[in-house]
Asker: 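Below: one structure in structure tokens.
Here the structure is a predicted model, which is why all the values come from computation and not from measurement. Atoms within a ligand are numbered from 1 in the order they appear, just like the ligands themselves. We count residues from 1, following the sequence as given.
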Amino acid sequence: MESMHPDMESIVLSQEDIQGIVERMGAQITEDYAGKNPLLIAVLRGAVVFMGDLMRHIDCPLGIDFMAVSSYGNGAKSSGVVRIVKDLDTKIEGRDVLIVEDILDSGLTLNYLMRNLSSRNPASLSVAAFLVKDIPGHTPAVDPRYVGAHVPDAFIVGYGLDYAERYRNLPYIGILKPEVYS
Ligand code: PRP
């Protein structure tokens with residue numbers, strides 16, 4: 001059991017839990033994309049950690065690329081405005097594209113990306129989301145083909161996820177103590 005950062009209230013997924021989840025997702029993706037050469041697209045910055053782990057558990061030829069979008073305004077609440085800050089370097093027409101996301105929260109980011117990328121005519125377009133936040137009364141607009149785990153509607157950090165750019169390097173997923181952000 002790893003030692004917990006003092007700003008964490010609890011650990012939701014340990015390093016060991018994460019490893020098991022990523023192995024399972026990688027094995028499933030390997031099976032589904034056998035004989036193909038998928039392009040994995042990670043959405044900066046949070047998904048970088050998951051992308052790095054996941055791609056090493058996929059046993060088929062693949063490419064990677066990155067996009068950056070600004071999904072939120074200044075506040076922590078979703079503004080509904082999604083803007084491409086960095087676009088792909090790769091042409092995706094005819095490619096099997098897999099969007100790699102760290103967390104699906106409101107689903108606005110993914111919903112926008114799915115619409116944007118499908119207009120570029122990929123052969124297929126799917127989503128691998130490491131986490132899906134369970135928000136009472138809310139059904140995300142996007143249904144990912146691969147989901148790592150469901151997490152409660154709390155302030156989750158670690159494994160790529162930040163609060164004010166901190167905690168992305170924690171090797172586990174934890175819930176932040178309310179006094180840290182209030
Ligand atoms: C987070 C996360 C997703 C998005 C999910 O990114 O990485 O891209 O929010 O939220 P949604 O489902 O409500 O759209 P964020 O904008 O915090 O940027 P970051 O990855 O650089 O931390």
Asker: Does any non-hydrogen side-chain atom of R83 lie less than 4.5 Å from one of Y112?
Answerer: no
Asker: Taking C-beta and beyond as the side chain, do D53 and R56 meet within less than 4.5 Å on heavy atoms?
Answerer: yes
Asker: Contact between G107 and ligand 1, counting heavy atoms under 4.0 Å?
Answerer: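 Yes; G107 lies near enough to ligand 1 that a heavy-atom distance drops under 4.0 Å.
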Asker: Enumerate the atoms of ligand 1 whose separation from the nearest heavy atom of D162 is less than 4.0 angstrom.
Answerer: 22 (O)
Asker: Decide whether D17 and Y172 meet the rule of one side-chain donor and one side-chain acceptor closer than 3.5 Å.
Answerer: no
Asker: Go through ligand 1 atom by atom and flag the ones less than 4.0 Å from a non-hydrogen atom of D102.
Answerer: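 With D102 as reference, the close atoms of ligand 1 come out as 2 (C), 3 (C), 7 (O).
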Asker: Nearest heavy-atom pair of M25 and A128: which atoms, and what distance?
Answerer: CE-CB, 4.3 Å
Asker: With heavy atoms under 4.0 Å as the rule, classify the contact between L44 and ligand 1 as side chain, backbone, both or neither.
Answerer: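 Looking at L44 and ligand 1, just backbone atoms fall under 4.0 Å.
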Asker: Under 4.0 angstrom from ligand 1, any heavy atom of E165?
Answerer: no
Asker: Which ligand 1 atoms, with their elements, are less than 4.0 angstrom from a heavy-atom of S106?
Answerer: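 Those atoms are 11 (P), 12 (O), 13 (O), 14 (O).
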Asker: Is it the case that the ring center of Y159 lies less than 6.0 angstrom away from the ring center of F130?
Answerer: yes
Asker: Quick check: G46 and ligand 1, any N/O pair under 3.5 Å apart?
Answerer: yes
Asker: Kindly indicate whether the side chain of M8, heavy atoms from C-beta on, has any atom under 4.5 Å from the side chain of L170.
Answerer: yes
